[in-house]
Structure formats: C-alpha cells, structure tokens
Amino acid sequence: MRAAVPGLPTPHPLIDQLPAVYLEQDFLRRFLEALDEVLAPVLLTIDNVPAYLDHRTAPDDFLDWLAGWVAVEPHEDSPTNHRRTAVRGAVARHARRGTLGGLADAVRLETGTEPEIAESGGTAWSTSPNTPLPGSAVPWVTIRVRAAEGRPLDRVRLEELIDTEVPAHVGFTLELLPPDGAADRDVDQDGDAGRRGGAGGAEG
C-alpha cells in the first residue's frame, strides 16, 4: 500500500541509536542516512497504524480495503467522503438490514435525501373473530425518492442498492420524483411483479 517517498524524514534516525563515539564518523553518518530514507516509510506507517484503521484518517488507497473488513462495497466513482461515511456506519446498518429503517438508511446515504417508504404489510388487533387482515398478501415495498437540487438520481444504481437491501421474497417499486419546487410529473406506480426487484416509475 505504501511506497518510498523521496526526502521523507525518519522519526527515528539510526545514527541516534549509536554510541556518541560514532557520531563524528562522516562515512557512517552518510551510510545510515541512506538506510533512514529506506526505512522512513515503514517506521511512519507503523507509528500511524491507528490512523489507518480509522475511517476518518485512513489514506484513500487503504479506505477500500478497510471497507472490505466491514462488508461495504462503495461504487468506484463514489466521493471519498461518501465512502468514509459508508464505512463509519456499516456495522449499525448491517444490524438493521432487511428492515424499513435499514432500507431508509441505505437510500439516504446514497442520495442524501430522506426517502418515503410504504410497505404492503400491516399489523392490527381485534376482539372480534374473522377480522380482515391488514395490508396486502403480496410482499411489496414502494420507495419514493425526491431528487435534491443539482444532484440527479441514478435509477440503475438505486435499483441495485435496493435489490441488495430488501428481503429476498419482497419485490419493490422505485419512484423518482423531481426536486421540491419543480413541476411534478406523473409517476407510473406499476412495479414489475414478475421480477425479484421490479422497477416501476418514470424518472423525475
């Protein structure tokens, strides 16, 4: 991950580890300075191991490796701050995965906006027998996402994300809405029930 950096100072010069009698030997000093240049990146990396394991300070080329440790796969073109946020909350999101809250967290992280999510299920209680069950018999979830001003939504990317977040037996409909203040266009609400993750709706 790390490479030699020309001129990088060492935090622990080798000459300082020797007895004082050797400090005046010019050849030995120059020889050890050459070794210091080779060892400096190694020593600095070891000194900064805690920073490598912190999502806030990990180098960019180490961040994707760190993401793999917490089972996060950010898109290659995701901004660095987005990838750092994804790594930070990964463990908490895994605990909520497959729930309405977990889906909302994932969509919010991807789009920066609060999604509106409607489930087909429902709960109710009654003291009367044969009370009709709430909700729909078909497991389905509808996600409505309103685009932020100046930040267009990527339908394909969102569908891929949602497909990994909803339970395997649940289909979904994705509706993309224009930013607040823009004229709303009609949104097709018919999902493709024959697919694992149907995508209905016209992109706003």
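Side-chain N or O atoms of His12 include none that pairs as donor or acceptor with a backbone N or O of Gln17 at under 3.5 Å. A donor-acceptor pair under 3.5 Å is absent between the side-chain atoms of Ser128 and the main chain of Thr131, judged by distance alone. Looking at Arg146, its side chain never comes within 3.5 Å of a backbone N or O of Leu177 through a donor-acceptor pair.
Ion pair Asp54/Arg88 not flagged as a salt bridge, since none of the NZ, NE, NH1 or NH2 atoms sits closer than 4.0 Å to an Asp/Glu carboxylate oxygen.
Side chains of Arg157 and Ser78 form a contact here, defined as non-hydrogen atoms less than 4.5 Å apart. The closest side-chain heavy-atom distance from Val42 to Ile46 is below 4.5 Å. Contact check for Arg83 versus His55: no side-chain heavy atoms found under the 4.5 Å cut-off.
Residues Ile15 and Val21 share a single hydrophobic cluster, defined by chaining ILVMFWY side chains whose heavy atoms lie under 4.5 Å apart. The cluster map of Ile, Leu, Val, Met, Phe, Trp and Tyr, joined by side-chain heavy atoms under 4.5 Å apart, puts Val49 and Phe62 in the same cluster. Hydrophobic clustering (ILVMFWY, side-chain heavy atoms < 4.5 Å, transitive): Leu39 and Phe31 are in one cluster.
Leu66 CG to Asp61 CG: the interatomic distance, rounded to the nearest 0.5 Å, is 11.5 Å. For the atom pair CD of Glu33 and CG of Leu28, the computed distance is 10.0 Å after rounding to the nearest 0.5 Å. Separation of atoms CG (Asp154) and CG (Leu176) is listed at 9.5 Å; rounding is to 0.5 Å. Rounding to the nearest 0.5 Å gives a distance of 15.0 Å between CG of Asn81 and CZ of Arg56.
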Should Leu109 and His82 be marked as a side-chain contact (heavy atoms from CB on, under 4.5 Å) after you check the CA-CA gap, both sets of side-chain angles, and the distance that decides it? CA-CA 8 Å; Leu109 177 63; His82 184 171; 3.7 Å; yes
Under the side-chain contact (heavy atoms from CB on, under 4.5 Å) criterion, do Glu37 and Thr10 qualify, and how do the steps go? CA-CA 7 Å; Glu37 185 172 349; Thr10 177; over 6 Å; no
Decide side-chain contact (heavy atoms from CB on, under 4.5 Å) for Leu158 and Ile143; before the verdict, give the C-alpha distance in whole Å, the side-chain angles of both, and the deciding distance to 0.1 Å. CA-CA 10 Å; Leu158 275 174; Ile143 305 100; over 6 Å; no
Take Asp60 and Arg84 through the test salt bridge (Lys or Arg N to Asp or Glu O under 4.0 Å) and record every step on the way to the result. CA-CA 9 Å; Asp60 290 351; Arg84 294 186 189 279; 3.0 Å; yes
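Ile162 pairs with exactly one of Leu174, Ile117, Val141 by the side chain to side chain contact (heavy atoms under 4.5 Å, CB included) rule, that one being Leu174. With Asp105 as the fixed residue, the salt bridge (Lys or Arg N to Asp or Glu O under 4.0 Å) test singles out one of Arg97, Arg93, Arg96: Arg96.
The aromatic rings of Trp69 and Trp65 sit perpendicular, their planes meeting at an angle over 60°, well past the 30° parallel limit.
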Under 3.5 Å, which donor-acceptor pairs do the side chains of residues 118-125 form with other protein atoms, sequence neighbours left out?
from   : atom 1 : to     : atom 2 : distance (Å)
Ser120 : OG     : Val138 : O      : 2.9
Ser120 : OG     : Trp140 : N      : 2.8
Ser120 : OG     : Trp140 : O      : 3.2

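The side chain to side chain contact (heavy atoms under 4.5 Å, CB included) check on Glu114 picks up Arg108, with sequence neighbours excluded. Partners of Ala67 according to the side chain to side chain contact (heavy atoms under 4.5 Å, CB included) rule, which considers only residues two or more places apart in sequence or in another chain, are Val72, Pro74, Val87.
Counting all heavy atoms, side chain and backbone alike, Asp47 lies closest to Pro11 at OD2-CG, 3.6 Å. The two atoms that bring Phe172 and Val166 nearest to each other are CD2-CG2, 4.3 Å, heavy atoms only. Of all heavy-atom pairs spanning Tyr52 and Ala58, the tightest one is O-CB, 3.4 Å. Nearest heavy atoms, Leu44 versus Pro9: CD1-O, 3.8 Å. Closest approach of Gly102 to Thr99, counting heavy atoms only: N-OG1, 3.0 Å.
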